[in-house]
Amino acid sequence: MTETRSRHRFYVPVEVKPGEVISLPGETSRQIRRVLRLSIGDEVTLFNGTGFETVARIIDVSRSHVDVKPVGKTVAGTVPGQPDVHLGLGLLKADRFDLVVQKATELGVRSVTPIECERSVVSLSADRAQSRRARWERISIEALEQSGRADFVKVRDPIRLTDAPEQFRSSRKLVAWEQANGRSLVTSLEQDDSAVDVLVGPEGGFSETEIVQLGAHGFEPVSLGSLILRSETAAICALAMIRAVAEIGRVDRLGGPGGR
Ligand code: SAH
(Lines give C-alpha, C1' and ligand atoms only; values in the text may rest on other atoms or scores of the structure.)
Protein backbone atom coordinates (compact mmCIF):
# COMPACT_ATOMS: atom_id res chain seq x y z
CA MET A 1 0.00 0.00 0.00
CA THR A 2 1.33 3.44 -0.85
CA GLU A 3 1.45 6.14 1.78
CA THR A 4 -1.45 7.97 0.14
CA ARG A 5 -3.68 4.92 0.21
CA SER A 6 -3.27 4.36 3.94
CA ARG A 7 -4.56 7.84 4.86
CA HIS A 8 -8.21 8.35 5.60
CA ARG A 9 -9.95 9.53 2.47
CA PHE A 10 -12.72 12.09 2.36
CA TYR A 11 -14.93 13.42 -0.36
CA VAL A 12 -15.23 17.21 -0.55
CA PRO A 13 -17.82 18.84 -2.79
CA VAL A 14 -15.47 21.65 -3.85
CA GLU A 15 -12.46 22.27 -6.03
CA VAL A 16 -9.26 21.56 -4.09
CA LYS A 17 -6.72 24.34 -4.70
CA PRO A 18 -3.12 24.34 -3.44
CA GLY A 19 -2.76 26.14 -0.11
CA GLU A 20 -6.44 27.12 0.07
CA VAL A 21 -8.10 26.23 3.39
CA ILE A 22 -11.18 24.01 3.16
CA SER A 23 -13.79 23.71 5.89
CA LEU A 24 -14.92 20.12 5.75
CA PRO A 25 -18.64 19.32 5.61
CA GLY A 26 -20.37 18.80 8.98
CA GLU A 27 -20.70 15.01 8.85
CA THR A 28 -17.08 14.57 7.68
CA SER A 29 -15.87 16.90 10.44
CA ARG A 30 -17.84 14.94 13.01
CA GLN A 31 -16.36 11.68 11.82
CA ILE A 32 -12.83 13.07 11.93
CA ARG A 33 -13.26 14.48 15.42
CA ARG A 34 -15.49 11.96 17.17
CA VAL A 35 -14.93 8.66 15.39
CA LEU A 36 -11.39 8.77 14.00
CA ARG A 37 -10.15 11.21 16.65
CA LEU A 38 -7.72 12.86 14.27
CA SER A 39 -6.17 16.12 15.37
CA ILE A 40 -4.21 19.14 14.15
CA GLY A 41 -1.21 18.08 12.06
CA ASP A 42 -2.73 14.77 10.93
CA GLU A 43 -2.96 14.24 7.19
CA VAL A 44 -5.96 13.09 5.18
CA THR A 45 -6.59 12.52 1.49
CA LEU A 46 -9.25 14.65 -0.21
CA PHE A 47 -11.00 13.89 -3.48
CA ASN A 48 -13.89 15.62 -5.20
CA GLY A 49 -15.04 12.94 -7.59
CA THR A 50 -13.14 14.07 -10.67
CA GLY A 51 -10.56 11.29 -10.51
CA PHE A 52 -7.88 13.27 -8.68
CA GLU A 53 -6.83 13.45 -5.05
CA THR A 54 -4.76 15.66 -2.80
CA VAL A 55 -3.12 15.22 0.60
CA ALA A 56 -4.21 17.84 3.12
CA ARG A 57 -3.23 18.59 6.71
CA ILE A 58 -5.68 19.30 9.51
CA ILE A 59 -5.06 22.85 10.70
CA ASP A 60 -8.06 23.49 12.95
CA VAL A 61 -10.47 21.31 14.88
CA SER A 62 -13.39 22.80 16.74
CA ARG A 63 -16.79 21.56 17.91
CA SER A 64 -18.42 22.81 14.74
CA HIS A 65 -15.86 22.15 12.04
CA VAL A 66 -12.54 20.78 10.88
CA ASP A 67 -10.35 22.87 8.56
CA VAL A 68 -7.73 21.35 6.31
CA LYS A 69 -5.09 22.78 4.00
CA PRO A 70 -3.82 20.93 0.92
CA VAL A 71 -0.11 20.22 1.31
CA GLY A 72 0.62 17.93 -1.60
CA LYS A 73 0.22 18.09 -5.33
CA THR A 74 -3.09 17.04 -6.81
CA VAL A 75 -2.45 13.64 -8.36
CA ALA A 76 -4.46 11.15 -10.38
CA GLY A 77 -6.36 8.83 -8.04
CA THR A 78 -7.46 5.26 -8.57
CA VAL A 79 -10.25 4.86 -11.12
CA PRO A 80 -11.75 1.69 -12.57
CA GLY A 81 -10.15 0.44 -15.76
CA GLN A 82 -12.07 -0.38 -18.93
CA PRO A 83 -14.72 -1.27 -19.71
CA ASP A 84 -17.02 1.57 -18.70
CA VAL A 85 -19.92 -0.31 -17.17
CA HIS A 86 -23.44 1.12 -16.92
CA LEU A 87 -25.98 -0.71 -14.79
CA GLY A 88 -29.74 -0.49 -15.25
CA LEU A 89 -31.57 -2.13 -12.37
CA GLY A 90 -35.28 -2.76 -11.84
CA LEU A 91 -36.53 -0.74 -8.89
CA LEU A 92 -36.23 -2.74 -5.68
CA LYS A 93 -37.20 -2.21 -2.08
CA ALA A 94 -35.04 0.54 -0.58
CA ASP A 95 -32.48 -1.50 1.35
CA ARG A 96 -31.83 -3.84 -1.58
CA PHE A 97 -31.25 -1.05 -4.04
CA ASP A 98 -28.99 0.64 -1.46
CA LEU A 99 -26.89 -2.51 -1.26
CA VAL A 100 -26.46 -2.64 -5.03
CA VAL A 101 -25.42 1.03 -5.21
CA GLN A 102 -22.72 0.39 -2.62
CA LYS A 103 -21.42 -2.80 -4.22
CA ALA A 104 -21.66 -1.45 -7.77
CA THR A 105 -19.47 1.49 -6.72
CA GLU A 106 -16.88 -0.89 -5.28
CA LEU A 107 -17.02 -2.92 -8.48
CA GLY A 108 -16.24 0.14 -10.58
CA VAL A 109 -19.55 0.88 -12.26
CA ARG A 110 -19.83 4.27 -14.01
CA SER A 111 -23.56 4.81 -13.69
CA VAL A 112 -26.60 3.27 -12.07
CA THR A 113 -30.09 3.83 -13.47
CA PRO A 114 -33.20 2.64 -11.58
CA ILE A 115 -35.73 1.23 -14.02
CA GLU A 116 -39.47 0.85 -13.70
CA CYS A 117 -40.51 -2.37 -15.41
CA GLU A 118 -43.79 -4.14 -16.12
CA ARG A 119 -43.42 -6.32 -13.01
CA SER A 120 -41.97 -3.67 -10.72
CA VAL A 121 -43.67 -3.63 -7.34
CA VAL A 122 -41.95 -0.39 -6.39
CA SER A 123 -42.51 2.88 -8.20
CA LEU A 124 -41.25 6.31 -7.27
CA SER A 125 -43.12 9.58 -7.34
CA ALA A 126 -40.98 12.49 -8.56
CA ASP A 127 -40.27 13.94 -5.10
CA ARG A 128 -39.52 10.58 -3.52
CA ALA A 129 -37.25 9.84 -6.46
CA GLN A 130 -35.29 12.99 -5.61
CA SER A 131 -34.72 11.97 -2.00
CA ARG A 132 -33.87 8.38 -2.93
CA ARG A 133 -31.37 9.63 -5.47
CA ALA A 134 -29.73 11.88 -2.89
CA ARG A 135 -29.51 8.88 -0.56
CA TRP A 136 -27.94 6.70 -3.29
CA GLU A 137 -25.39 9.42 -4.03
CA ARG A 138 -24.44 9.51 -0.33
CA ILE A 139 -24.10 5.74 -0.22
CA SER A 140 -21.99 5.77 -3.34
CA ILE A 141 -19.70 8.50 -1.99
CA GLU A 142 -19.14 6.49 1.20
CA ALA A 143 -18.19 3.52 -0.96
CA LEU A 144 -15.76 5.73 -2.94
CA GLU A 145 -14.13 6.87 0.32
CA GLN A 146 -13.79 3.33 1.57
CA SER A 147 -12.66 1.68 -1.66
CA GLY A 148 -9.99 4.16 -2.65
CA ARG A 149 -11.83 5.12 -5.82
CA ALA A 150 -11.50 8.76 -6.91
CA ASP A 151 -14.21 9.22 -9.55
CA PHE A 152 -17.96 9.64 -9.15
CA VAL A 153 -20.65 7.14 -9.96
CA LYS A 154 -23.50 8.82 -11.81
CA VAL A 155 -26.80 7.95 -10.14
CA ARG A 156 -29.51 8.72 -12.67
CA ASP A 157 -33.19 9.50 -12.26
CA PRO A 158 -35.49 6.49 -12.61
CA ILE A 159 -36.65 5.74 -16.14
CA ARG A 160 -39.23 3.42 -17.67
CA LEU A 161 -37.84 0.35 -19.41
CA THR A 162 -39.20 1.64 -22.72
CA ASP A 163 -36.78 4.58 -22.38
CA ALA A 164 -33.77 2.28 -21.85
CA PRO A 165 -32.71 2.19 -25.54
CA GLU A 166 -32.56 5.98 -25.47
CA GLN A 167 -30.35 6.05 -22.39
CA PHE A 168 -28.09 3.03 -22.85
CA ARG A 169 -25.92 3.46 -25.92
CA SER A 170 -22.76 1.47 -25.30
CA SER A 171 -21.49 -0.76 -28.08
CA ARG A 172 -22.16 -3.85 -25.95
CA LYS A 173 -25.68 -4.08 -24.49
CA LEU A 174 -26.70 -7.01 -22.31
CA VAL A 175 -29.84 -7.93 -20.42
CA ALA A 176 -29.56 -10.54 -17.66
CA TRP A 177 -32.31 -13.07 -18.25
CA GLU A 178 -32.69 -16.32 -16.37
CA GLN A 179 -34.15 -17.95 -19.51
CA ALA A 180 -31.26 -17.02 -21.79
CA ASN A 181 -30.72 -20.69 -22.58
CA GLY A 182 -27.19 -20.97 -21.37
CA ARG A 183 -25.87 -18.03 -23.41
CA SER A 184 -23.51 -16.86 -20.70
CA LEU A 185 -22.65 -13.24 -19.98
CA VAL A 186 -19.02 -14.32 -19.94
CA THR A 187 -18.98 -15.59 -23.52
CA SER A 188 -21.00 -12.62 -24.79
CA LEU A 189 -18.27 -10.16 -23.92
CA GLU A 190 -15.18 -9.40 -25.91
CA GLN A 191 -12.15 -8.89 -23.74
CA ASP A 192 -11.47 -5.51 -25.27
CA ASP A 193 -15.01 -4.11 -24.98
CA SER A 194 -14.59 -0.51 -23.93
CA ALA A 195 -18.16 0.05 -22.72
CA VAL A 196 -20.85 -2.35 -21.54
CA ASP A 197 -24.47 -1.71 -20.56
CA VAL A 198 -26.12 -4.36 -18.44
CA LEU A 199 -29.77 -4.50 -17.37
CA VAL A 200 -31.04 -6.56 -14.44
CA GLY A 201 -34.74 -7.02 -13.74
CA PRO A 202 -36.86 -6.42 -10.63
CA GLU A 203 -37.86 -9.20 -8.19
CA GLY A 204 -40.56 -10.37 -10.60
CA GLY A 205 -38.11 -10.49 -13.51
CA PHE A 206 -38.56 -9.16 -17.05
CA SER A 207 -41.60 -10.24 -19.05
CA GLU A 208 -40.97 -12.00 -22.35
CA THR A 209 -42.41 -9.00 -24.19
CA GLU A 210 -39.85 -6.77 -22.50
CA ILE A 211 -37.03 -9.12 -23.50
CA VAL A 212 -38.25 -9.13 -27.11
CA GLN A 213 -38.51 -5.33 -27.15
CA LEU A 214 -35.05 -4.94 -25.66
CA GLY A 215 -33.72 -7.47 -28.18
CA ALA A 216 -35.07 -5.30 -31.02
CA HIS A 217 -32.88 -2.50 -29.67
CA GLY A 218 -29.72 -4.59 -29.56
CA PHE A 219 -29.81 -5.87 -25.97
CA GLU A 220 -28.59 -9.45 -25.90
CA PRO A 221 -30.17 -11.73 -23.26
CA VAL A 222 -27.46 -13.40 -21.19
CA SER A 223 -27.38 -15.95 -18.39
CA LEU A 224 -25.59 -15.64 -15.06
CA GLY A 225 -25.71 -19.39 -14.47
CA SER A 226 -28.33 -22.08 -13.89
CA LEU A 227 -29.59 -20.81 -10.53
CA ILE A 228 -32.12 -18.01 -10.18
CA LEU A 229 -30.54 -15.14 -8.31
CA ARG A 230 -32.32 -12.35 -6.50
CA SER A 231 -32.07 -9.07 -8.37
CA GLU A 232 -29.44 -7.62 -6.06
CA THR A 233 -27.30 -10.77 -6.27
CA ALA A 234 -27.73 -10.83 -10.05
CA ALA A 235 -26.57 -7.22 -10.37
CA ILE A 236 -23.49 -7.74 -8.20
CA CYS A 237 -22.71 -11.03 -9.93
CA ALA A 238 -23.02 -9.51 -13.43
CA LEU A 239 -20.68 -6.66 -12.53
CA ALA A 240 -18.11 -9.03 -11.03
CA MET A 241 -18.28 -11.23 -14.14
CA ILE A 242 -17.72 -8.24 -16.44
CA ARG A 243 -14.68 -7.27 -14.34
CA ALA A 244 -13.39 -10.83 -14.47
CA VAL A 245 -13.54 -10.96 -18.28
CA ALA A 246 -11.76 -7.60 -18.52
CA GLU A 247 -9.15 -8.85 -16.07
CA ILE A 248 -8.49 -11.97 -18.11
CA GLY A 249 -8.08 -9.79 -21.20
CA ARG A 250 -5.61 -7.59 -19.34
CA VAL A 251 -3.57 -10.54 -18.09
CA ASP A 252 -3.52 -12.05 -21.61
CA ARG A 253 -2.36 -8.79 -23.15
CA LEU A 254 0.37 -8.44 -20.57
CA GLY A 255 1.71 -11.87 -21.41
CA GLY A 256 0.23 -14.34 -18.95
CA PRO A 257 -0.47 -14.34 -15.22
CA GLY A 258 3.10 -13.35 -14.38
CA GLY A 259 2.98 -10.33 -16.71
CA ARG A 260 2.82 -6.77 -15.46
N1 SAH B 1 -39.08 -13.89 -10.71
C2 SAH B 1 -38.29 -14.46 -11.71
C3 SAH B 1 -36.81 -14.29 -11.41
C4 SAH B 1 -36.37 -12.89 -11.34
S5 SAH B 1 -34.76 -12.79 -10.75
C6 SAH B 1 -38.57 -15.95 -11.75
O7 SAH B 1 -38.85 -16.49 -10.71
O8 SAH B 1 -38.49 -16.50 -12.82
C9 SAH B 1 -34.50 -11.05 -10.89
C10 SAH B 1 -33.60 -10.62 -12.02
O11 SAH B 1 -32.29 -11.12 -11.78
C12 SAH B 1 -33.97 -11.12 -13.38
O13 SAH B 1 -34.86 -10.25 -14.03
C14 SAH B 1 -32.65 -11.18 -14.12
O15 SAH B 1 -32.33 -9.92 -14.66
C16 SAH B 1 -31.67 -11.50 -13.00
N17 SAH B 1 -31.32 -12.91 -12.88
C18 SAH B 1 -31.51 -13.72 -11.83
N19 SAH B 1 -31.00 -14.94 -12.04
C20 SAH B 1 -30.43 -14.91 -13.27
C21 SAH B 1 -29.73 -15.87 -14.06
N22 SAH B 1 -29.47 -17.09 -13.65
N23 SAH B 1 -29.29 -15.47 -15.27
C24 SAH B 1 -29.54 -14.23 -15.74
N25 SAH B 1 -30.21 -13.29 -15.04
C26 SAH B 1 -30.64 -13.62 -13.81
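Given the structure is predicted, the values throughout are model-derived calculations rather than measurements. One is the number of the first residue; the rest follow in order along the sequence. The figures here come from the full heavy-atom set of this structure, side chains too, leaving out hydrogens, waters and symmetry mates. Indexing begins at 1, ligand by ligand and atom by atom, following the structure's order.
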Student: Please tabulate, for the side chains in residues 230-242, all donor-acceptor contacts under 3.5 angstrom to protein atoms that are two or more places apart in sequence or on a different chain.
Tutor:
residue: Ser231; atom: OG; partner: Gly201; partner atom: O; Å: 2.9
residue: Ser231; atom: OG; partner: Pro202; partner atom: O; Å: 3.2
residue: Ser231; atom: OG; partner: Glu203; partner atom: N; Å: 3.3

Student: Testing the basics here: between Gln82 and Arg243, what is the closest heavy-atom pair and its distance to 0.1 Å?
Tutor: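 What the structure gives for the nearest pair is O-NH1, 3.6 Å.
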Student: Counting only heavy atoms and a distance below 4.0 Å, can you name the residues contacting ligand 1?
Tutor: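 Heavy-atom contacts below 4.0 Å: Ala176, Trp177, Glu178, Val200, Gly201, Pro202, Glu203, Gly204, Gly205, Phe206, Val222, Ser223, Leu224, Gly225, Leu227, Ile228, Leu229, Ser231, Ala234.
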Student: If I compare all heavy atoms of Arg119 with all of Gly204, which pair ends up nearest, and what's the gap?
Tutor: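 What the structure gives for the nearest pair is NH1-O, 2.9 Å.
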Student: Would you mind telling me which of Glu118, Glu116, Glu166 makes a salt bridge (charged side-chain N to carboxylate O under 4.0 Å, His left out) with Arg160?
Tutor: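 Between Arg160 and the candidates, salt bridge (charged side-chain N to carboxylate O under 4.0 Å, His left out) is satisfied uniquely by Glu116.
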Student: Going by side-chain hydrogen bond (donor to acceptor under 3.5 Å, both in side chains), Arg9 matches just one of Glu145, Glu53, Gln146. Which one?
Tutor: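 Checked Glu145, Glu53, Gln146 against Arg9; only one passes side-chain hydrogen bond (donor to acceptor under 3.5 Å, both in side chains): Glu53.
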Student: Do Glu142 and Arg138 meet the salt-bridge criterion of a basic N to acidic O distance under 4.0 Å?
Tutor: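 No, no charged N to carboxylate O under 4.0 Å.
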